[in-house]
Protein chains: 2
Amino acid sequence: MTRIKDVAALAGVSTATVSRVLNDKTVSPDLAAAVRRAVTELGYTPNRTARSLRRQHSELIALVLPDIENPFFTSLARGVEDVARTAGLSVVLCNTDEDVETQEHYLRIADDENMAGVIVAPAGPSGFLARLTERHRAVVVVDRAVADDVDQVLFDNEDLGRRATQALLDRGHRRIACVTGPRETPTAEARADGWRAALTAAGLPAPDDLLVHANYRVDGGEAAMTRLLAAAEPPDAVLATNNLVGVGALRMLSAERGPRAQLGIIGDLPFATSHIDDTFLLRLHPREMGLTAARLLVSRIRGEAGPAQRVVQPSRPVLLGASPS
Amino acid sequence: MTRIKDVAALAGVSTATVSRVLNDKTVSPDLAAAVRRAVTELGYTPNRTARSLRRQHSELIALVLPDIENPFFTSLARGVEDVARTAGLSVVLCNTDEDVETQEHYLRIADDENMAGVIVAPAGPSGFLARLTERHRAVVVVDRAVADDVDQVLFDNEDLGRRATQALLDRGHRRIACVTGPRETPTAEARADGWRAALTAAGLPAPDDLLVHANYRVDGGEAAMTRLLAAAEPPDAVLATNNLVGVGALRMLSAERGPRAQLGIIGDLPFATSHIDDTFLLRLHPREMGLTAARLLVSRIRGEAGPAQRVVQPSRPVLLGASPS
DNA sequence: TTGTAGGCGTTATCAT
DNA sequence: ATGATAACGCCTACAA
């Protein structure tokens, strides 16, 4: 295992000089050259543990996500990675499984490992970030709003719900159901609010039996769709407010015979196994949300950022059908 | 920021004693109690950077994957996580995007961060593990065989290809095509070999025009299926040798009118948007592969493991249709 | 510009 | 069983 002192010995300089070369401080060209030669010859790379102990922060950032199996979040992760790598940071992905304790666990590790910063899509209620912000750690929240005074990158969820519903109205549908997430989930509620607002604005009722609170996963979408299709007065269109319930809804619908309900989905379906030309998609581009969040975090780590800000991640026009991926 | 010396001061002992309590060494009960009280009162958690500098290894393990957006690998990651957490280790997920250089980058970081071990599904040719094994780091390879003398958890890929093909033969199909990955990809080749072996064993030809080397992603499956369906003599059954090309194949097939080819897929389709009762699935259970790999890694980290071994991850009987997820 | 030396927070060795 | 202390590898005053 080669250390900085080995490099120093080989180059005939002090460890301080080696360190300076490695960190682009002022060193005379000839010595710098000698050091670099020694570095390549030995294949030396600095011990990051020692470096981060000394500097009081590492070159790692934590990306804390509630569900790593959801393509929305993996795509977001790709965006974060792209920015981080060009900034010389490495991304550490942590999966909380929507569990507040696991989330605490990972946030604590990020802290104890002196990580440079954290990007988190929070599970559960807010307030958990106090310890991190108190320690002046760089923190960016994505996808789900919190009350804390930190940078946040969010969708305008009510607007998403409204626009997706409007697209269904524009197609002439009048009895439009909404499948959303659990009552305690703010994004799910906001998107459902948008659905309600759009219907109301169009002078239509938004009866309770057309709003289904599912579990926001594939099986939730299946169950909700089954229930809606079996109703006395089935809807002629359905809005699924996230990608997973959209998958479930589509799956049930594909088995249906006779007149099919029109489906609208807020989200993307990269692994659709059927052509979905007849489905409205309001694509969210989570990758760009990741890019935005990472850029924000990097500037905060570098101390270039001002007061905490909330960025509303723009989304695109509603599309009919999905281009693959 | 509270340090071990703060705890020591509050408990009226030396830092050495605090450290001993934290690491379950022998300490008199009363002093231990005092220390624990001080720890909770201050909310102290050890600085992991300092700890790992001293101990020469951290409590992190790296999971280096070629494509974090592929559900196969996210599911594998979940398995690794489950074992790691109960062993007191935290998982760091790294995405190489099938790029050898990026892989090198992350493996180097794992080394420089003194991580306790690495689980890697290798991108590109073998030999890249030399540095890690030389340094006696704990390493487990998953999914893709390498020549290095390290623990490996693999499928018997040729057997997978054979069994999946046999299932199609059992259904009476005779003209069976195979859509697999690029020529340089060993797992893709091995599964195709299995396809060929099954056909040969059944006394059937395995002509070149029935074997398509696709790019092993969704669009590859689409392109391959398009080509096969447009052929002068289209197959009456198609084997897709991984989940992503399976998705693409299914997508094209779902648009097809008239007599549909029977599809067999090696892999799972957690996000299928259609009912796929008429598709053969040979499910791989990547989560269990992750469990196996992580158990192996943990025992190696603890020094309990013997010589490097290759574990063949069992798979299940071919299923007709998929139960969701 | 370069070198010397102290310290980041923890654990392990060596006395007691 | 407990405490003082050195060491892990690096960076950065400070001195020269």
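Lettering of chains follows the sequences in order, A, B, ..., and the numbering in each one begins at 1.
- The CZ atom of A:R217 lies 11.0 Å from the CD atom of A:E69; values are rounded to the nearest 0.5 Å.
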Just distance, no hydrogens or angles: give the donor-acceptor pairs under 3.5 Å from side chains in residues 79-88 of chain A, sequence neighbours left out.
residue	atom	partner	partner atom	Å
A:E81	OE1	B:N95	ND2	3.3
A:D82	OD2	A:R287	NH2	2.4
A:T86	OG1	A:V83	O	2.9

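- Near DNA chain D, meaning a heavy atom under 4.0 Å from it, residues 10-18 of chain B has B:V13, B:S14, B:A16, B:T17 in order of number.
- Remark: the B:R55 side chain and the B:N23 side chain contain an N/O donor-acceptor pair separated by less than 3.5 Å.
- Atom NZ of A:K5 and atom P of C:dG3 are 16 Å apart (whole Å).
- B:D112 and A:T45 form a side-chain donor-acceptor contact under 3.5 Å, judged by distance and modelled atom types alone.
- Between A:I4 atom CD1 and C:dA5 atom C1' there is a gap of 14 Å when expressed in whole angstrom units.
- For the segment residues 21-30 of chain B, residues with any heavy atom less than 4.0 angstrom from an atom of DNA chain C are, sorted by number, B:N23, B:K25.
- Remark: B:E41 engages B:L10 in a side chain to side chain contact (heavy atoms under 4.5 Å, CB included) (not counting sequence neighbours).
- The distance from atom CG of B:D6 to atom C1' of C:dG9 is 11 Å, rounded to the nearest whole Å.
- Evaluation of the side chain to side chain contact (heavy atoms under 4.5 Å, CB included) rule for A:A62 yields A:V64, A:A110, A:M115, A:V118 as partners, not counting sequence neighbours.
- Taking the side chain to side chain contact (heavy atoms under 4.5 Å, CB included) definition, one finds that B:Q309 meets it with B:D151, B:L296, B:V311, sequence neighbours left out.
- When side chains are defined from C-beta on, B:T187 counts as touching B:Y216, because their heavy atoms get closer than 4.5 Å.
- Applying the side chain to side chain contact (heavy atoms under 4.5 Å, CB included) rule to B:R3 yields the partners B:M1, B:K5, B:D6, B:N47; only residues at least two apart in sequence or on another chain are considered.
- With sequence neighbours left out, the salt bridge (charged side-chain N to carboxylate O under 4.0 Å, His left out) criterion links A:D97 to B:R78.
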Between the protein and nucleotides 14-16 of chain C, are there any N/O to N/O pairs under 3.5 Å, and if so, what are the atom names and distances?
none

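- Within a 6.0 Å radius of CD in B:E101, no more than 12 heavy atoms belonging to other residues, nucleotides or ligands are found.
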Under 3.5 Å, which donor-acceptor pairs do the side chains of residues 26-35 of chain B form with other protein atoms, sequence neighbours left out?
residue	atom	partner	partner atom	Å
B:S28	OG	B:D30	OD1	2.6

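- Comparing the end axes of the helix from C:dT1-D:dA16 to C:dT16-D:dA1, each fitted to five base pairs by superposing C1' atoms of four pairs onto the next four, gives an inter-axis angle of 40° (nearest 10 degrees).
- A heavy-atom distance below 4.0 Å to DNA chain D is reached by these residues of residues 38-61 of chain B, ordered by number: B:L53, B:R54, B:Q56.
- Between the side chain of A:Q152 and the main chain of A:V140, no donor-acceptor pair closer than 3.5 Å is present.
- A donor-acceptor pair shorter than 3.5 Å can be found between the side chains of B:Q313 and B:T292.
- A:N114 and A:R137 are linked by a side-chain donor-acceptor pair at a separation below 3.5 angstrom, with hydrogens and angles left out of the test.
- Between the P atom of D:dC8 and the CE atom of A:M1 lies a distance of 12 Å, rounded to the nearest Å.
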